[in-house]
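See below for the structure under consideration.
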Amino acid sequence: MRQSCPTRVPPAIPMPFQNIDRTDCFIVQEERHTGQEIMQAAALWNAHGPDLFLRRGSIEILETQLGALLPAGTKALAEDALNLVRRYQRLSGTAEIRFRMEKVRHDSCRRFHVDHVPLRLLCTYTGPGVQWKYADSETIYETPAGWITLLKGRLYPGWSTKGAVLHRSPPISDRPVPVTRLLLTLDHPDACGMGRQ
């Protein structure tokens, strides 16, 4: 019997990221609880870290650049993010990666869309996670903080509109209490117009 994409009926039991290679699977999520140390490090980054850290490079370059500006007490967050870089690299096969750690305090990307990249990894450390839905459905799913989301983009080999998954940033401007999302995005090095540096 043909197995459907593991996230078709949430809450799904996540399956290995390698399932993203399947033609009928456009999203894979990994449920995880980051733990107190990483949560505290993320809170400290929100308080003292840069609003945006955007770099392109190998794992070694990213580790050096990230280490040079780490606020005190945020090492656990950096180590977790770099572990995700290693996982993304194994899946994507790219030597260089576009690394983006950003504090999001506003409504960003309100429209559901598919990225113009081969493969995108998202992890929201604080605040609500990415929202997604199937292109042929109105049901919207919101990802818990800490979970890892891997999405096929339009440039993924063999990508088609059939069964495609759309995603967006969750609206946060209308929440009764202000929220800061700390979002990690990993991409192909040329994503979003990022040229050689």
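In this chain, residues are counted from 1 in sequence order.
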Discussion item. When you measure from the side chain of Arg32 to the backbone of Trp147, do you find a donor-acceptor pair of N or O atoms at a distance under 3.5 Å?
Written reply: no
Response to the item:
Between Ile172 and Val104 the two heavy atoms that sit nearest each other are CD1-O, 3.8 Å
Item to complete: Classify the side-chain pair Asp187/Tyr88 by whether it contains a donor and acceptor separated by less than 3.5 Å.
Response: no
Worksheet item: Which value, rounded to the nearest 0.5 Å, describes the distance between Leu151 atom CG and Leu119 atom CG?
Response: 8.0 Å
Discussion item. Using side-chain heavy atoms (C-beta onward) and a distance below 4.5 Å, is Pro118 in contact with Trp159?
Written reply: no
Discussion item. What verdict does the side chain to side chain contact (heavy atoms under 4.5 Å, CB included) test give for Leu150 and Leu91, after you've listed the backbone C-alpha separation in whole Å, the side-chain angles of each residue and the deciding distance to 0.1 Å?
Written reply: CA-CA 10 Å; Leu150 193 66; Leu91 288 163; 3.7 Å; yes
Worksheet item: Distance under 6.0 Å and angle within 45° of the ring axis: does Lys133 meet both against Phe112?
Response: yes
Worksheet item: Which heavy atom of Ile38 sits nearest a heavy atom of Ala76, and at what distance?
Response: CG1-O, 4.0 Å
Worksheet item: Is a donor on one side and an acceptor on the other found under 3.5 Å between the side chain of Lys75 and the backbone of Leu70?
Response: no
Worksheet entry | ILVMFWY network linking Leu122 to Ile140, side-chain heavy atoms under 4.5 angstrom | yes
Item to complete: Using a 4.5 Å cut-off on heavy atoms from C-beta on, say whether the side chain of Arg100 contacts that of Leu183.
Response: no
Worksheet entry | Distance in Å, Thr149 OG1 paired with Glu30 CD, rounded so as to fall on 0.5 Å steps | 10.0 Å
Worksheet entry | Connected via hydrophobic side-chain network under 4.5 Å: Ile61 and Phe99 | no
Fill in: side-chain hydrogen bond (donor to acceptor under 3.5 Å, both in side chains), paired with Thr143, selected from Gln29, Gln131, His167
Gln29
Worksheet item: Could you state the interatomic distance from CD (Glu142) to CH2 (Trp132), rounded to the nearest 0.5 Å?
Response: 12.5 Å
Discussion item. Could you check whether any side-chain heavy atom of Arg181 comes within less than 4.5 Å of a side-chain heavy atom of Pro128, counting everything from C-beta outward?
Written reply: yes
Worksheet item: Got a salt bridge between Asp136 and Lys162, using NZ or NE/NH1/NH2 to carboxylate O under 4.0 Å?
Response: no
Item to complete: Taking all non-hydrogen atoms of both residues into account, name the closest pair between Leu66 and Ala78 and its distance.
Response: CD2-CB, 3.7 Å
Worksheet item: When you look at His188 and Leu155, which way does the side chain to side chain contact (heavy atoms under 4.5 Å, CB included) test go after all the steps?
Response: CA-CA 10 Å; His188 186 276; Leu155 299 184; over 6 Å; no
Worksheet item: Does the pair Arg55/Glu96 count as a salt bridge with the N-to-O cut at 4.0 Å?
Response: no
Discussion item. Are Arg105 and Asp51 packed together at the side-chain level, in the sense that at least one heavy-atom pair is separated by less than 4.5 angstrom?
Written reply: yes
Fill in: Minimum-distance pair of heavy atoms, taken over all atoms of Phe26 and Thr23
CE1-O, 3.7 Å
Worksheet entry | Residue pair Thr126 / Asn46, side-chain donor-acceptor N/O under 3.5 Å | yes
Item to complete: Could you walk me through whether Asp21 and Tyr156 pass the side chain to side chain contact (heavy atoms under 4.5 Å, CB included) test, one step at a time?
Response: CA-CA 9 Å; Asp21 285 339; Tyr156 193 90; 2.7 Å; yes
Discussion item. Is any side-chain heavy atom of Met39 closer than 4.5 Å to one of Tyr125?
Written reply: no
Discussion item. Quick check for you: to the nearest 0.5 Å, what is the distance between Ile27 atom CD1 and Arg120 atom CZ?
Written reply: 13.0 Å
Discussion item. Quick one, Leu184 and Leu186 - any side-chain contact, counting heavy atoms below 4.5 Å?
Written reply: yes
Worksheet entry | Side-chain touch Arg87/Arg90, heavy atoms, less than 4.5 angstrom | yes
Worksheet item: Is the closest basic N to carboxylate O distance between Asp115 and Lys152 below 4.0 Å?
Response: no
Discussion item. To the closest 0.5 Å, what do you measure between OG1 (Thr180) and CD (Glu102)?
Written reply: 11.5 Å
Worksheet item: If we only count heavy atoms from C-beta on, is the Leu52 to Lys103 side-chain gap below 4.5 Å?
Response: no
Item to complete: May I ask you to decide if Pro71's main-chain N or O and Thr74's side chain share a donor-acceptor pair within less than 3.5 Å?
Response: yes
Worksheet item: Between Asn19 and Cys25, which heavy-atom pair has the shortest distance, and what is it?
Response: O-CB, 3.6 Å
Discussion item. Before you tell me yes or no, could you show the steps for Leu166 and His113 under side chain to side chain contact (heavy atoms under 4.5 Å, CB included), namely the whole-Å CA-CA distance, both residues' side-chain angles and the distance that decides it to 0.1 Å?
Written reply: CA-CA 5 Å; Leu166 312 179; His113 64 282; over 6 Å; no
Fill in: Exam field: side chain Thr124 to backbone Gly127, donor-acceptor pair closer than 3.5 Å
no
Item to complete: Evaluate salt bridge (charged side-chain N to carboxylate O under 4.0 Å, His left out) for Arg56 paired with Asp190, printing each intermediate quantity in order.
Response: CA-CA 8 Å; Arg56 163 190 171 150; Asp190 294 325; 2.7 Å; yes
Worksheet entry | Approximate separation, where rounding is to 0.5 Å, of Leu69 CG and His48 NE2 | 14.5 Å
